[in-house]
Amino acid sequence: MSGAQQGNSLCSWHKLSLLVSSLLFVYISSINSDEQRDQGPETYSEYYNYDQLTDLLKSLAQKYANIANLTSIGRSVENRELWVMRVTRDPTADVPGKPKFKYVGNMHGDETVSRQVLIYLLEYLLEKYGEEPRVTELVDSTDIYIMPSMNPDGFEKSKEGDCTGKYEGRNNAKNLDLNRSFPDQFEEIHVNAEDIPEGTAVMRWILQNKFVLSGNLHGGTVVASYPFDDSVSHDTEGTYSRSPDDALFRYLARVYAENNPVMKTGQPKCDENINEIFEDGITNGAKWYDVAGGMQDFNYLKGGCLEITMELSCCKYPPSSQLKTEWENNREALLAFMEKVIHIGVHGFVRAARNDAPLADAVIMVAGINHNVSTSRFGDYYRLLLPGTYNITVLAPGYIPMSVAGVEVTEGKAAVLNITLEAENDENPTTPSIPESPTETSVNSASTDSSSSIVQPQDFRHHHYNDMQLFLQKFSSDYSSITRLYSIGKSVQGRLLWIMEISDNPGVHELGEPEFKYIGNMHGNEVVGRELLLNLIEYLCRNYGTDPEITQLINSTRIHIMPSMNPDGYEVSQEGDISGVQGRNNTNNYDLNRNFPDRFNFVTDPRQPETLAVMNWAMSYPFVLSANLHGGSLVVNYPFDDNLDNVSGYSKSSDDDVFRMVALAYSQENFQMFDGHSCKEMDSYQEYFKDGITNGAAWYNVHGGMQDWNYVNSNCFEVTIELGCYKYPPAADLPNYWEKNRRSLLQFIHQVHRGVKGMVIDSKDGSGIPNATITVDTVNHPITSNTAGDYWRLLVPGKYHLTASLQGYSSVSTFVNVPKEGVEIVNFTLTRIHGYTNGQTTEDTTPILDPSWKEFQSLIKQLSGESGLDKLIKDTHTQSSFRYRRYSEVSEFLRGLTLNFPEITSLQSLGQSVEFRTIWALEISNNPKVQEPSEPKIRFVAGIHGNAPVGTELLLEFAASLCINYGKNAAITRLINETRIVILPSINPDGRELAKEKDCTSTTGMTNVHGKDLDNDFFGNASQRTAEPQPETRAVMDLIQERGFTLSVALDGGSVLVTYPYDKPVQSVENADTLRYLATVYANHHPIMHSGDTGCPNSQMGTIPNGVLRAAEWHSHMGSMKDFSVDFGHCPEITVYTSCCLFPPADMLPTLWAENRKSLLSMLVEVHKGVRGVVKDKSGKPIVGAIIVLNGGVRVFTSEGGYFHALLAPGLHSIEAVADGYQQQSQKVSVSPFEAASSIIIEFDMENDIFGLPRELVVASAAAAMTALVVTACIIWCVCSAKSNRQKDGFHRLRQDQDDYDDEIRLMSMGSKKSLLSHEFQDESESDEDTLYTNKL
């Protein structure tokens, strides 16, 4: 080795040793520094910058790893970590039973006391844990999260000593105020997420954790501020914006203020506003000054977390020498505020009864407070409440809601309330919640298209009907987990109208999931839509589970696809047809898109079976959005399609902006359509549509179109999409059509997730409220909630004022900002109005004390809801053997029921027919031989016309079904236990013996053997009757006049509809709304009847709205049974016509039973609705025979025990009670279409008026009159006595004529009696008007 080499080597060695020494020195120094930081006591004399804060937090987390865990929830604009220290026992594990609490500091970077105070609090909790019982209990029982600095970038720019914020540290590095950047309920906040990463991170943190209580620490004054921070008017100051938990917020704010020696004075005496005063040291945020986009309101409205804002010091960035004082001022307040999370309110677990599994996202509702919280994934919940008594309801989708009344919340320790919910069915229930992050509406098409896993359709050809049917059956079979193939009816030629449902839970409406439909091939020769929808079915099925967009779309949407609405027309169309009309119409040669009811023009064409099928379908599902695919042009056409003037011109709907939005969503994805030149390659067309969309009437007028009918008559928004100028292109062109429309078809489905959606909930029991109206202040088009209580309202982005209302409930309104992407979730909790007292509404908050009755109410509500009766039918046992029975067999059948089911049946003879056949009445109830006036009584009658025996067989099957399922099916058992069911299967048995099967129009057997139509023989007034009633009529009249019946249903034949009184001409019935409603209930549960198309040959009525008609409008006549029932039995009766054929073949009976079974059961449910109650006096004695006047007209009477029950249409009704000797009583009651009868108690006071005058005045006057009479009598006696001696002679002379006098007196007396008797019986025949009035009383 040379000397030079040795020198170089030595030099290198010295450099290496120097480097090692330096690194070692730095390492040792850092260790010493950490040890000094760890071990040295806090001096409270300096601010920690970001690096120092980071080092300290890491050191604390390491030193106290058993109770502390440090994480970052995101980063600031300048890439600083947003540190959060979690302090609790086992801080790395999520365990049930611990409420989550958080403190956030330094949101405004120059308000620095909060940052330091939270550091000191962390140190205090960690150091005192295990030493101080108070701290140990708090840490063990609470999941505490502390974020010292939400705005680390702003802090680094701030200057110590800056008390007023004159430097730039308040905002983040993008100069945005973080406390003005959160979504707001009253104002749309326009902030780009990338400009506020701090706010975005905190929002995500809030939504991912179910925090219970929170504090947001600021500076600039000394006060505790609570929600709401702004108001709808956005007044700068002075407007109190009250939250539903206002009293609780005030209490929590006072807890902090009372434990801060400066804050509790209410006089911070800050230099900026030396005279500012806050009562008790607290203030409502908006009353102090209006802040839109604040964090505390976001916590409450979106996170379910109660947060208040604490302003800790007058100086925003005081000198560090003041830090110790600030810590001492706030230490007790910080601890006391945290303790409230475990010391007030109620908490517990919600679990499933079946397997004790926790139920996540169950909703906890408190009656009277319109703010709900929900359970965590462990099923635990925490609801902060002030001391008091509360009614709490728990609701979870798929489970029966539970309400607990009288929950006591006391001071000092939270009450414990654990809830177990029963599943709605025996299958494994799911617990879906309305998702906070629904399907995105803007999909990156590039990313979707680039996926190599996408499977494109391979089946490009024209599918004739049989081919299409096999295609649908194949995909339904191959993808049965996400598809359901069903038919909604038949075409004129009997082809099934197929629908393919695609959903992650086919066949089930999932709570909060919108329903969507596509319809193709309405015009049979416009075939592109038909083929595209088959392609779409294949595309969705094959890519589910592999493509994220398709998977999410199917998981979050219930999609219904109808490839062909006009299969008959398709079959006669010709490939290559460019603009022809062959096959356009249906087989009856009607254009189906001119066949719907129209708002401006009466459509005279008969409604076609395809049209009726689609109308029924549209009204049977809660569709939100729809498209009707056509051909012949290239444009998206939106409502309205016509106008009043019948000229081309823009016909704007109330939702014109929504229709333009969804139309553009389709056209923008189809470049050729968006270009606007629809058919420029075809010389005959020179149309131009800007952006590829057009208003229908602006293009040309269409009367009777489907899209307008959808919008006007349902909650569904529909557009018409013209897919190309070639109506029936060659099959070789189909792949090109798919490629142009694929993205459009998907993007249009995404639009169903725009606007607002949510639940309308009953505050009493947490159940969904159906048919509630959702109105938007600026849009004249209300929509209604579905039967489960969920709703969807398409809206363009913007700010709206929404109101949910329903008769019988207090309306609730709120403001909402609809985002540019996705949907905003807004739930409404409505409180039932129990009635009216002195003109004021009273809310129904009284708990139901009888658990059994409460259970029955739940059953009625369940059976009235979506699929309630369908499930009941599915669960009931039936083994029917249908055939027609003659009189002897009917009698044997009825006796057989009483012999086999003696505990629930009783058979009674009402009388005999002309030929001495018995008129039977079968009673079914749990105690059939005992009068139970508290139970409603329903009458089913059939066979009034012997030539229409279908009703007889249906009622016999109905009776057998009830008896067989008694004790086996819980719902049937309970209905029988709570109802007295009387069945008269045949009231014209003689006529039935004469009638002949398969004779659809013969009148043989219609009358009794005297040739009398019994439905013309029910007269209550003798003056109207020309002869004695027939024996069959008399038997039924006697039963009707027993009264006590709540409802009667008569079955007849010859059409398919329901009629309600009167049959008599001209006269209108007083309770027409109720009668029409009852008839509509029956028709709505019938698969055909409610369509209004009887389908009967030679029918002259055309379409009957809802399948319901006032009887006189059909066949008016006098003496009908239902008129008699209403007038003289005080019982509403409807007549159901079950089949077009009077006496159809026996093999039709199973079909007719299937069609009417659900409707018959619905009547058993309906009889328990309306209003029921008891009338009694002040002593509690029931009053029998009191008159209950409904809405000033219809009268019912109280029975034994003072009970009454009356059916009423849904809505608010007036009830008046009248009884002799008592003051008249009045109430208003609300009737729901889905709930058991409203129960009321009417207490009478003694009548206080006599002859229209006050009782006291009459008594005093009578006493005075009696006194005067006595005095007068005494005076007369004295005078007469004084004169008696002077007139003795005259007196004796008068006595001589005594005999004559006696004779005269005797004659006068006889004349007087005769006069009185003749007066009593003077009017020997009452007028018709008097008779009618008497009967109504």
Side-chain angles (χ1 to χ4, degrees), residues 487-492 494 497 588 597 606-617 619-620 869 882 940-945 947-955 957-958 995 997-1003 1006 1015 1049-1060 1063 1075-1115 1120 1122 1133-1163:
S487 168
I488 62 169
K490 293 181 179 180
S491 67
V492 173
L497 303 175
N588 290 335
R607 212 77 67 213
Q608 296 302 293
E610 298 91 345
T611 307
L612 289 168
V614 170
M615 289 171 64
N616 292 334
W617 179 47
M619 301 305 289
S620 301
L869 289 175
F882 285 100
F940 292 97
V941 184
I944 194 169
H945 295 131
N947 64 334
V950 170
T952 297
E953 302 305 327
L954 295 184
L955 290 187
E957 183 61 29
F958 187 48
E997 186 176 345
K998 301 182 183 179
D999 203 333
C1000 290
T1001 58
S1002 172
T1003 59
M1006 183 182 80
D1015 203 36
V1049 179
L1051 304 187
D1052 207 340
S1055 189
V1056 182
L1057 75 156
V1058 189
T1059 64
Y1060 61 91
D1063 277 302
L1075 292 163
R1076 186 186 306 109
Y1077 169 74
L1078 292 170
T1080 303
V1081 170
Y1082 192 102
N1084 283 346
H1085 286 94
H1086 192 285
I1088 299 170
M1089 196 176 288
H1090 71 279
S1091 71
D1093 180 26
T1094 65
C1096 299
N1098 302 319
S1099 173
Q1100 302 300 315
M1101 292 300 299
T1103 301
I1104 298 169
N1106 302 314
V1108 170
L1109 204 61
R1110 187 167 72 91
E1113 296 175 20
W1114 192 41
H1115 297 308
S1120 77
K1122 62 174 167 286
E1133 179 170 295
I1134 59 174
T1135 302
V1136 178
Y1137 295 87
T1138 58
S1139 64
C1140 298
C1141 181
L1142 289 168
F1143 202 151
D1147 58 12
M1148 285 294 296
L1149 289 175
T1151 300
L1152 295 172
W1153 166 243
E1155 289 175 352
N1156 287 276
R1157 184 181 181 189
K1158 184 177 175 183
S1159 296
L1160 290 169
L1161 285 169
S1162 75
M1163 295 293 98

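Keep in mind the model is a prediction, meaning the values are calculated, not measured.
- In this structure, Met1089 and Tyr1137 have side chains that are not in contact, with every pair of non-hydrogen atoms separated by 4.5 Å or more.
- For the pair Cys1141 and Ser1139, the tightest heavy-atom approach, listed with the atom from each and the gap, is O-OG, 2.7 Å.
- Met619 has its side chain out of reach of His1090: every pair of non-hydrogen atoms, C-beta onward, lies at least 4.5 Å apart.
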**OP:** Let me see the working for Leu1142 and Ser1002 under side-chain contact (heavy atoms from CB on, under 4.5 Å), right down to the final yes or no.
**Re:** CA-CA 8 Å; Leu1142 289 168; Ser1002 172; over 6 Å; no

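- Counting only distance, with no hydrogens or angles, the side chain of Thr1080 and the backbone of Arg1076 share a donor-acceptor pair below 3.5 Å.
- Contact check for Pro597 versus Met615: side-chain heavy atoms found under the 4.5 Å cut-off.
- With rounding to the nearest 0.5 angstrom, the NE2 atom of His1085 is 5.0 Å from the OG atom of Ser1162.
- For the salt bridge (charged side-chain N to carboxylate O under 4.0 Å, His left out) test, residues two or more places apart in sequence or in another chain that qualify with Asp1063 are Lys1122.
- Looking at His945 and Asp1052, their side chains do bring a donor and an acceptor atom within 3.5 Å of each other.
- Taking all atoms of both residues into account, the shortest heavy-atom contact from Thr1059 to Leu1057 is CG2-CD1, 4.0 Å.
- Remark: the backbone N or O of Val492 is paired with a side-chain donor or acceptor of Glu610 at under 3.5 angstrom.
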Original post:
Passes side-chain contact (heavy atoms from CB on, under 4.5 Å), Val1136 versus Val1049? Steps please.
Top reply: CA-CA 7 Å; Val1136 178; Val1049 179; 4.0 Å; yes

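- A distance below 2.5 Å between sulfur gamma atoms is not met by Cys1140 and Cys1000.
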**OP:** Given side-chain contact (heavy atoms from CB on, under 4.5 Å), test Tyr1060 with Arg1110 step by step and report yes or no.
**Re:** CA-CA 5 Å; Tyr1060 61 91; Arg1110 187 167 72 91; 3.7 Å; yes

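- Residues Asp999 and Asn947 have side chains not in contact (no heavy-atom distance under 4.5 Å, counting atoms from C-beta outward).
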Solution key, residues 1144-1158 side-chain donor-acceptor pairs under 3.5 Å, sequence neighbours excluded:
unit_1, atom_1, unit_2, atom_2, d
Asn1156, OD1, Tyr1082, OH, 2.9
Asn1156, ND2, Leu1152, O, 2.8
Arg1157, NH2, Thr876, OG1, 2.6
Lys1158, NZ, Asp870, OD1, 3.1
Lys1158, NZ, Asp870, OD2, 3.3

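- Taking both residues in full, the closest heavy atoms of Val1108 and Ala1083 are given as CG2-CB, 4.0 Å, listed atom of the first, atom of the second, then distance.
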**OP:** Please report the C-alpha distance between Leu497 and Lys490 in whole Å, then the side-chain angles of each, then the deciding distance to 0.1 Å, and finally whether the side-chain contact (heavy atoms from CB on, under 4.5 Å) criterion is met.
**Re:** CA-CA 5 Å; Leu497 303 175; Lys490 293 181 179 180; 5.7 Å; no

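- The structure places CG of Leu1051 at 9.0 Å from OG1 of Thr1135, a figure rounded to the nearest 0.5 Å.
- Nearest heavy atom pair, residue Pro609 against residue Ser491, reads CG-C, 4.4 Å.
- A donor-acceptor pair under 3.5 Å links the side-chain atoms of Gln608 to the main chain of Pro606, judged by distance alone.
- Listed here is the closest heavy atom pair of Ala613 and Gly489: CB-CA, 4.4 Å.
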